[in-house]
Amino acid sequence: MTAARPRGFLTLADIAASDWPAVWDRCAQLEDDRKSGKLATTLAGKTIALVFEKASTRTRVSFEVAAYELGGNSVLITSEGSQIARGEPAEDTARVLSSYCHAIVIRTFGQERVATFAKAASVPVVNGLSDQHHPCQVATDLYTVRQHFGRIDGLRYAWIGDGNNMAQSWLEAAGMFGLDLVLACPEGFAPDPQLVKAARTAQQQLGKGSIELTTDPAAAAAGAHVMSTDVWASMGQESEAARRRIAFKDFRIDGALVDRGDGKAIVLHCLPAHRGEEITGDVLDGPRSLAWVQAANRLHIAKAVLERVFQ
Ligand code: CP
Ligand code: NVA
């Protein structure tokens with residue numbers, strides 16, 4: 001008999017749509033408790049390995065603080081500071097880390113490397129961003145929307161920019177929750193068609209939601225309640241930055257685009273941002289932006305996800 005796989009969080013769907021309200025409720029509880037100085041001990045005796053093969057501010061620090069504030073501990077493992085950069089196989093790293101640590105958060109390149117870690121590990125693995133998905137961030141974004149509007153349903157979501165890891169996790173969310181999502185991406189920068197198809201199939205099964213793809217940011221923004229964007233060149237695409245600056249020049253969230261949205265539209269950005277590229281400084285730092293709340297919320301999601309993978 002093979003041992004049951006530990007519960008992991010590689011993409012949003014690793015937590016069932018029906019379970020997400022409880023996760024977000026727990027986030028709200030954790031957020032309130034923190035404000036009143038009450039910290040949980042749900043991770044007492046546990047150490048979280050943070051394997052970061054790419055840079056990070058929010059993900060790394062939120063998981064470090066989350067582990068500490070839940071009574072646990074964390075260890076940062078970077079490629080250069082470990083045997084990873086010298087070529088130790090992912091399977092061997094995952095296996096050894098599993099013998100010291102109780103969960104692994106990994107930020108890496110291909111999603112297949114996240115899956116390889118999860119397969120070889122005997123502890124839960126959490127995806128802290130891959131080239132294909134950023135589930136911790138979109139879980140946070142939905143929490144932020146729910147906090148602000150009191151619901152995630154009945155809203156029009158617009159993604160403006162690259163069909164990247166963030167866009168693809170939004171697609172997955174649209175499929176799981178039946179959201180109305182429109183993505184405006186330049187020609188040649190749309191999300192993976194397989195993921196679009198999977199999200200549409202999920203919506204058909206649910207009987208609600210819509211997914212539209214366009215190359216017209218103004219059309220996507222029309223009537224939107226939630227507008228999201230992200231950098232034009234993601235980590236690992238630095239050599240494409242100049243080419244992308246040209247391709248994406250009309251895919252910027254500025255005041256005029258926000259004005260096309262619903263009168264109460266909010267703007268999200270996972271950060272880091274490039275003011276003057278994908279978003280103007282006045283929007284990012286203005287009253288419609290929830291980017292700073294969104295960033296702060298990463299901590300509560302990190303805690304709720306860590307608790308969840310140990311349940
Ligand atoms: N939004 C986000 O994941 O930020 P970091 O790259 O700083 O972790
Ligand atoms: N799409 C960006 C997100 C950073 C949080 C990247 O992958 O670099």
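Remember, it's a predicted structure, so these values are computed and weren't measured experimentally. For ligands, and for the atoms within them, numbers begin at 1 and follow the listed sequence.
- Formation of a donor-acceptor pair under 3.5 Å by the H269 side chain with backbone atoms of L271 is found in this model.
- Rounded to the nearest 0.5 Å, atoms NE2 (H133) and CZ (F9) are 11.0 Å apart.
- A ring-centre distance under 6.0 Å is not found for F251 and F189.
- With hydrogens and angles left out, the side-chain atoms of D282 and T280 include a donor and acceptor closer than 3.5 Å.
- Contacts of ligand 1 (protein heavy-atom distance under 4.0 Å) are S56, T57, R58, T59, R107, H134, Q137, C270, L271, R298.
- Salt bridge absent: E91 and K119 never bring a charged side-chain N and a carboxylate O closer than 4.0 Å.
- Between R298 and Q137, the side chains place a donor N or O and an acceptor N or O closer than 3.5 Å (distance only, hydrogens not considered).
- Cluster annotation: L299 and V145 are assigned to distinct hydrophobic clusters (Ile/Leu/Val/Met/Phe/Trp/Tyr, side-chain heavy-atom contacts under 4.5 Å, transitive).
- Listed by first and then second residue, the side-chain hydrogen bond (donor to acceptor under 3.5 Å, both in side chains) pairs involving residues 20-30 are D25-R146, R26-E307, Q29-D33 (not counting sequence neighbours).
- Looking only at protein heavy atoms, the nearest one to atom 5 (C) of ligand 2 is L271 O, 3.7 Å.
- Looking only at protein heavy atoms, the nearest one to atom 3 (C) of ligand 2 is D230 OD2, 3.5 Å.
- Below 4.0 Å from some heavy atom of L129 lie the following atoms of ligand 2, by number and element: 3 (C), 4 (C), 5 (C), 7 (O).
- At least one N or O atom of M235 sits closer than 3.5 Å to an N or O atom of ligand 2.
- Here the heavy atom of the protein found nearest to atom 7 (O) of ligand 2 is N165 ND2, 2.8 Å.
- Any N or O atom pair closer than 3.5 Å counts here, and S234 shares at least one such pair with ligand 2.
- Of the listed residues (L129, N127, T78, V114), just one forms a side chain to side chain contact (heavy atoms under 4.5 Å, CB included) with R107, and that residue is L129.
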